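Contents: one structure, followed by commentary.
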Amino acid sequence: MANALVVIKNLSNAYRTRAYGVFGREVIQPVLDHITLEIGQGEIFGLVGESGCGKTSLGNSILGLIPYEGAITIDGLQQQQQGQLKRSKALARKVQAVFQDPGAALNPAKPIGWLMEEPLRIHGIGTKQERIKKVDAMLHRVGLDPGYKTRRVHELSGGQKQRVCIGCALMLEPKLIVADEAVSSLDVSVGAQILNLFQDLHHSLGLGMLFISHNLQVVYYICHRIGVMYKGQIVELGAAQAVYSHPAHPYTQALLAAASGSDLSPRLVPGSPGFASPSPGLYQKQGCGFVEPCPWKRPDCGKTAPKLINIAPPGAPAQEVRCLLVQTEEPRRNR
Ligand SMILES: Nc1ncnc2c1ncn2[C@@H]1O[C@H](COP(=O)(O)OP(=O)(O)O)[C@@H](O)[C@H]1O
Ligand SMILES: [Mg+2]
């Protein structure tokens, strides 16, 4: 990609946990499996997949909140070196986050104006007067009256709290926002208002976004390109329009069918009792990760790990799919 804002190369990630409590054996649980991905300047990239597939882990890696293997470059700056977290102030100015629960993200003891001024204070930007002016302008930008400056978190509705979180994230004029389930805790109409706010900010500021959600409709509404994740791997990647109208990977088809409530084999519908999804988050070392629940698997699917390969016709925008069947046979679409 010529104008890439985020370049992710071979990103892998594992958590160390202990089976049976603190005295148990240490278990290394792989979560992300060699993810290679680019997000363009000013692009809204959606990441979808069932709960536990690793979406938040990918977002947190980009934010520099957890260690990982591989390389992440954001607007030319390297995120970490040799497995050591290195979240510099320069990087913090380029990438900011909006999380699911705005109530938990905001300090309840401080007034909203103080909270929104905090990033500017930490980065030593402007005089007190200039900072207050910026806070007023940002409140206006996110659709709140400057009078909200003196209120505290408990005096705001869920949507207003999320607007404050978005305002805080934008104070340093970042190039990328990682929005992790940012509208999932809001009711439908408030969620729609926040989505429209994201879109306005994207148009007016040229903001790039990694929009993480399990809600496919929301992602389709707001995103230019999407990545479908299953057990720590991107299984399909392409323009939102193309992936939604012609889902090629059996898992994408299953996700879309589950979202639209259409009649599909229950073995394939994520969340249904028959859906074979062993140890969410774990990926298997051999073969395709989706081999167990896939109704169209062939014997070699369990042996050969498919690569992400572009199946779009020449001249069309790329649609990359990680499936041996799709790559070797006529795409099995819309079954
Ligand atoms: N801090 C952690 N320690 C151990 N395991 C974790 C931790 N955070 C997440 N996991 C595990 O990693 C997997 C992926 O989690 P996550 O990235 O939050 O998925 P998603 O956001 O797609 O629901 C899950 O199986 C989860 O239990
Ligand atoms: Mg998550």
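Numbering of ligands and ligand atoms starts at 1, following listing order. Just the heavy atoms: all of them, side chains too, but no hydrogens, waters or symmetry mates, feed the values below. These figures come from a predicted structure and were not determined experimentally. Residue numbers start at 1 and run along the sequence shown.
- Only protein N, O or S atoms were considered, and those under 2.8 Å from the Mg ion (ligand 2) are Thr56 OG1.
- Between the side chain of Arg131 and the backbone N or O of Gly126 there is at least one donor-acceptor pair closer than 3.5 Å.
- Residue Gly54 places at least one N or O, backbone or side chain, under 3.5 Å from an N or O of ligand 1.
- The option with the heavy atom closest to atom 11 (C) of ligand 1, from among Arg18, Lys231, Glu181, Gln29, is Gln29.
- Comparing Ile66, Thr56, Val27, Val31 by heavy-atom distance to atom 18 (O) of ligand 1, the nearest is Thr56.
- Of the candidates Asp200, Leu201, Leu197, Arg141 forms a side-chain contact (heavy atoms from CB on, under 4.5 Å) with just one, namely Leu201.
- With Glu117 as the partner, the side-chain hydrogen bond (donor to acceptor under 3.5 Å, both in side chains) test is satisfied by one option alone out of Lys110, Lys128, Lys149: Lys128.
- The residue Met229 has no part lying near ligand 1, judged by heavy-atom distances below 4.0 Å.
- Residues passing the side-chain hydrogen bond (donor to acceptor under 3.5 Å, both in side chains) test with Asn196 are Tyr221, sequence neighbours excluded.
- Taking each of Cys53, Ser57, Ser213 in turn, the one with a heavy atom nearest to atom 17 (O) of ligand 1 proves to be Ser57.
- Defined by atom type and a distance below 3.5 Å, a donor-acceptor pair is missing between the side-chain atoms of Ser57 and Tyr68.
- The distance between the ring centers of His249 and Phe290 falls below 6.0 angstrom.
- Under the rule for a ring pair (Phe, Tyr, Trp, His ring centres under 6.0 Å), Phe198 has no partner lying at least two apart in sequence or in another chain.
- Checked against a 3.5 angstrom limit, the closest N/O atoms of Thr17 and ligand 1 fall outside it.
- When only modelled atom types and interatomic distance are considered, Glu118 and Asn107 share no side-chain donor-acceptor pair under 3.5 Å.
- Taking only non-hydrogen atoms, the option from Gly49, Ser51, Gly52 nearest to atom 13 (C) of ligand 1 is Gly52.
- Residues meeting the side chain to side chain contact (heavy atoms under 4.5 Å, CB included) test with Ser157, sequence neighbours left out: Gln160.
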